[in-house]
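These figures come from a predicted structure and were not determined experimentally. Note that ligands are numbered from 1 as they come in the structure, with each ligand's atoms numbered from 1 the same way. Heads up: numbering here begins at 1 and tracks the sequence.
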Amino acid sequence: MKISIITAFPELMRSYLAASVLGRGIAAGKLDVEVIDIRDFAEGDYRQIDDYCYGSGGMMLMAEPLAKALASVSAETKPYVVYPSPQGTHLYQELVEDLSRKENLVIICGHYEGVDERFTQKYVDAEISLGDFVLTGGEMPAMAIVDAVSRLIPGVVGKNSSVTEDSFYSGMLDTPHYTRPAEWRGERVPEVLTNGDAKAIDRWRRRRSVERTLDRRPDVAARAGIMPWLSGGAYVMEVHYPVLDKHGEKSSTAITGMDLHDIARACRTYGIKKYLLVTPLAQQREMAKRIAGHWTSGWGAEYNPDRKEAFSTLKIFASVQKALGWLSEREKKEPFKIATTAKRHAGAQHWLTLKREILRRDHSPVFLFGTGWGLHDEVMEMADAVMTPITGGSDGWNHLSVRSAVSITLDRFFGWR
Ligand SMILES: C[S@@+](CC[C@H](N)C(=O)[O-])C[C@H]1O[C@@H](n2cnc3c(N)ncnc32)[C@H](O)[C@@H]1O
């Protein structure tokens, strides 16, 4: 990756780029950073790069030297041009990741009142802000962007886990860290970190990360995929009985091959431990077993090993109670049963509330999906929580297929990066 920084203060940038982790990364050729002095593209004896703003009288950077500096960037592909500005989009980790995938990145450092609007209109792809405050120039934001982007380039930071375990990258805030001495001014390092039990240390670190994130930045927890932070598994149950028919009566529904395929694939994608299919009808169970068998051990398994993996998540039960009993035994704790519905339900909880609850309590969730006209009250009453319906447009129409509802729900809880 090549980053070009266009600035009126090249020395400031060069000394920063020569130091520490970043300096070593550049020296080792992991990334190529060039600093371009705007004055090299200025005209006249005074090499003028700034002038008065029309209307307000303050100074600002002129468009022409900037345009010439930008034209001097030698790049094989069209560079992506970033202008750090307090009026831009806030810089956040996902945006840093997007920037790290650019082959050629150019950062334009503004000064005084900023840069001529005609230049930004013509050449700038993204305006990026460090936060809601105003700095005197774009050099510090440029350094912040280069620093954050370069950490993601393999080999710049020595140990890859230091990057992947960092705040935001991993989905949560980082765990607290301690170094020697083990006791400092009467304060001891938490004992678990010094006893050498790697599993216990890992558990402790994960829990502290989760607690910190929920206490300090619940918004960050909301957008993280939470599977790696749970000690147990998560499950999906597709219920064919007892469900409601169109008259609100208790009934059963038939399984469909399309649901089996699509839900199994969604479960495998999001790391669901088992896709529990419930139907009391022996013939239906037989049919589901035959389909699954074709893909897990029949010719289908050879033809499409990916589908084999998906169907390996499927487990078939004759009743909701039997499925839940099996699940409690497997997890060695009561699963947290979340009933889903497409209708308004008194006491239903928002999926974000449930997501935080699962994280905080380290639950093993099982999401119960109804077929037909939805789960019968018998199942709703077994649940620990009911999740508010998935809704789209403002008119409230939300008649999704069960496989769509499963995919949307799994993405909300376990969607990753
Ligand atoms: C004094 S500021 C100009 C502020 C501009 N007149 C405004 O109010 O939007 C000068 C330069 O510093 C940089 N800068 C200042 N604050 C920034 C921030 N919060 N994030 C990113 N860049 C910033 C920009 O490059 C900007 O052009």
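With a heavy-atom cut-off of 4.0 Å, T136 touches ligand 1 through its backbone alone.
Counting heavy atoms from C-beta outward, R307 and R265 have side chains that approach closer than 4.5 Å. Counting heavy atoms from C-beta on, the side chains of S72 and I36 come closer than 4.5 Å. Residues H376 and V243 have side chains not in contact (no heavy-atom distance under 4.5 Å, counting atoms from C-beta outward). No side-chain heavy atom of E64 sits less than 4.5 Å from a side-chain heavy atom of D116.
For H399, the ring-ring contact (aromatic ring centres under 6.0 Å, His included) partners are W397, not counting sequence neighbours. Scanning for side chain to side chain contact (heavy atoms under 4.5 Å, CB included) contacts around R330 gives Y235, K273, K274, W326, with sequence neighbours left out.
Close contacts of ligand 1 with S129, meaning ligand atoms under 4.0 Å from a residue heavy atom, involve 19 (N), 20 (N), 21 (C). Atom numbering of ligand 1 starts at 1 in the shown order; those under 4.0 Å from a heavy atom of G138 are 12 (O), 13 (C), 25 (O). Numbered from 1 in the order shown, with element, the atoms of ligand 1 that lie under 4.0 Å from a heavy atom of G114 read 27 (O). Within ligand 1, the atoms closer than 4.0 Å to a non-hydrogen atom of P141 are 21 (C), 22 (N), 23 (C), numbered from 1 in the order shown. Taking every non-hydrogen atom of Q87 and a distance limit under 4.0 Å, the qualifying atoms of ligand 1 come out as 7 (C), 9 (O).
At least one heavy atom of I128 sits closer than 4.0 Å to an atom of ligand 1.
In terms of protein heavy-atom proximity, atom 27 (O) of ligand 1 is closest to Y83 OH, 2.6 Å. Of all protein heavy atoms, the one closest to atom 16 (N) of ligand 1 is L135 N, 2.9 Å. When only non-hydrogen protein atoms are considered, atom 5 (C) of ligand 1 lies nearest to E113 O, 3.7 Å. Residue, atom and distance of the protein heavy atom nearest to atom 19 (N) of ligand 1 are F133 O, 2.7 Å. The protein heavy atom nearest to atom 24 (C) of ligand 1 is P84 O, 3.0 Å. Ranking the protein heavy atoms by distance from atom 3 (C) of ligand 1 puts Y112 O, 3.3 Å first. Closest to atom 23 (C) of ligand 1, if we only count protein heavy atoms, is P86 CD, 3.6 Å. Counting only heavy atoms of the protein, atom 21 (C) of ligand 1 lies nearest to S85 N, 3.4 Å.
An N or O contact shorter than 3.5 Å links L130 to ligand 1 by distance. Of the polar atoms of G131, at least one N or O is found under 3.5 Å from an N or O of ligand 1, judged by distance alone.
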Could you walk me through whether N104 and T77 pass the side-chain hydrogen bond (donor to acceptor under 3.5 Å, both in side chains) test, one step at a time?
CA-CA 7 Å; N104 287 285; T77 54; 3.1 Å; yes
Under the criterion ring-ring contact (aromatic ring centres under 6.0 Å, His included), I'd like the reasoning laid out for H294 against F311: C-alpha separation, chi angles, the key distance, then a yes or no.
CA-CA 9 Å; H294 169 76; F311 268 102; 9.0 Å; no
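Between H111 and F9, the distance separating the two ring centers is shorter than 6.0 angstrom.
Ring geometry, F336 versus H363: the interplanar angle falls under 30°, so the pair is classed parallel (tilted spans 30 to 60°).
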